Amino acid sequence: MLKSSSMSLFETLQQRRGRVLFVSRSNSCRSQMAEAFARARGGDVMLAFSGGVSIASRISPETRAVMEEKAVPLAPDQEPKYLLGLDIS
C-alpha cells in the first residue's frame, strides 16, 4: 500500500511512519518506558523500538509498576533486547 505508481511522493511520505530507537545500557528501565510511551501516544505516526548494549536479564519490576500506574502497561512477555539484534527496517 505504501508504493503505488499513481501515488505522489508526498502521499507516500504521509502514509509512511517514522522510526525511533531508544537506546540505553541495559534496556531494563528508561528505554523500555520511552518505547512504550511512544507506541501508546504516537503509534499512528511512528514505529518505536528500544535496545541496549549490555542487556539486563529482565525489565525491572519498578518499571512495570510505574507504567501500570501511568496506564501504559508493558506486555507481559516484553524483555530487554540487544541493540545489534533489532530489525528496525
Side-chain angles (χ1 to χ4, degrees):
M1 182 173 166
L2 288 180
K3 294 197 176 200
S4 170
S5 59
S6 63
M7 194 180 299
S8 73
L9 176 60
F10 178 74
E11 291 168 324
T12 301
L13 292 174
Q14 279 187 315
Q15 290 185 2
R16 183 170 182 198
R17 294 187 290 170
R19 288 160 174 74
V20 62
L21 174 61
F22 299 98
V23 179
S24 67
R25 183 172 182 203
S26 65
N27 192 230
S28 67
C29 187
R30 291 179 298 263
S31 56
Q32 292 283 350
M33 294 170 82
E35 177 186 358
F37 278 123
R39 287 179 183 217
R41 306 287 193 257
D44 58 330
V45 295
M46 73 176 90
L47 297 171
F49 305 90
S50 70
V53 293
S54 177
I55 67 168
S57 60
R58 62 187 171 89
I59 296 173
S60 80
E62 293 85 1
T63 300
R64 290 189 182 280
V66 167
M67 296 308 286
E68 286 285 338
E69 191 177 287
K70 299 294 183 185
V72 183
L74 300 172
D77 62 343
Q78 189 165 337
E79 296 184 1
K81 302 168 287 294
Y82 279 110
L83 180 62
L84 296 177
L86 294 173
D87 178 14
I88 60 172
S89 59

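Below, all heavy atoms of this structure are taken into account, side chains as well, without hydrogens, waters or symmetry copies. On a predicted model such as this, the values are computed, not experimentally measured, just so you know.
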Within one Ile-Leu-Val-Met-Phe-Trp-Tyr cluster: V23 and L84, side-chain cutoff 4.5 Å
no

Please enumerate all residues that pass salt bridge (charged side-chain N to carboxylate O under 4.0 Å, His left out) together with R30, with sequence neighbours excluded.
none

Show your working on side chain to side chain contact (heavy atoms under 4.5 Å, CB included) between Q32 and F22 and close with a plain yes or no.
CA-CA 8 Å; Q32 292 283 350; F22 299 98; over 6 Å; no

Going by atom type alone, with no hydrogens or angles, which donor-acceptor pairs under 3.5 Å involve a side-chain atom of residues 44-55 and a protein atom two or more places apart or on another chain?
from, atom 1, to, atom 2, distance (Å)
S50, OG, N27, ND2, 3.0
S50, OG, E35, OE1, 2.5
S50, OG, K81, NZ, 3.4

Show me the donor-acceptor pairs, under 3.5 Å and distance only, between side chains in residues 59-67 and residues at least two apart or in other chains.
from, atom 1, to, atom 2, distance (Å)
S60, OG, T63, N, 3.1
S60, OG, T63, OG1, 2.6
T63, OG1, S28, O, 3.3
R64, NH1, A75, O, 3.1
R64, NH2, Q78, O, 2.8

For V72 versus A36, what's the shortest heavy-atom pair and its separation?
CG1-O, 3.6 Å

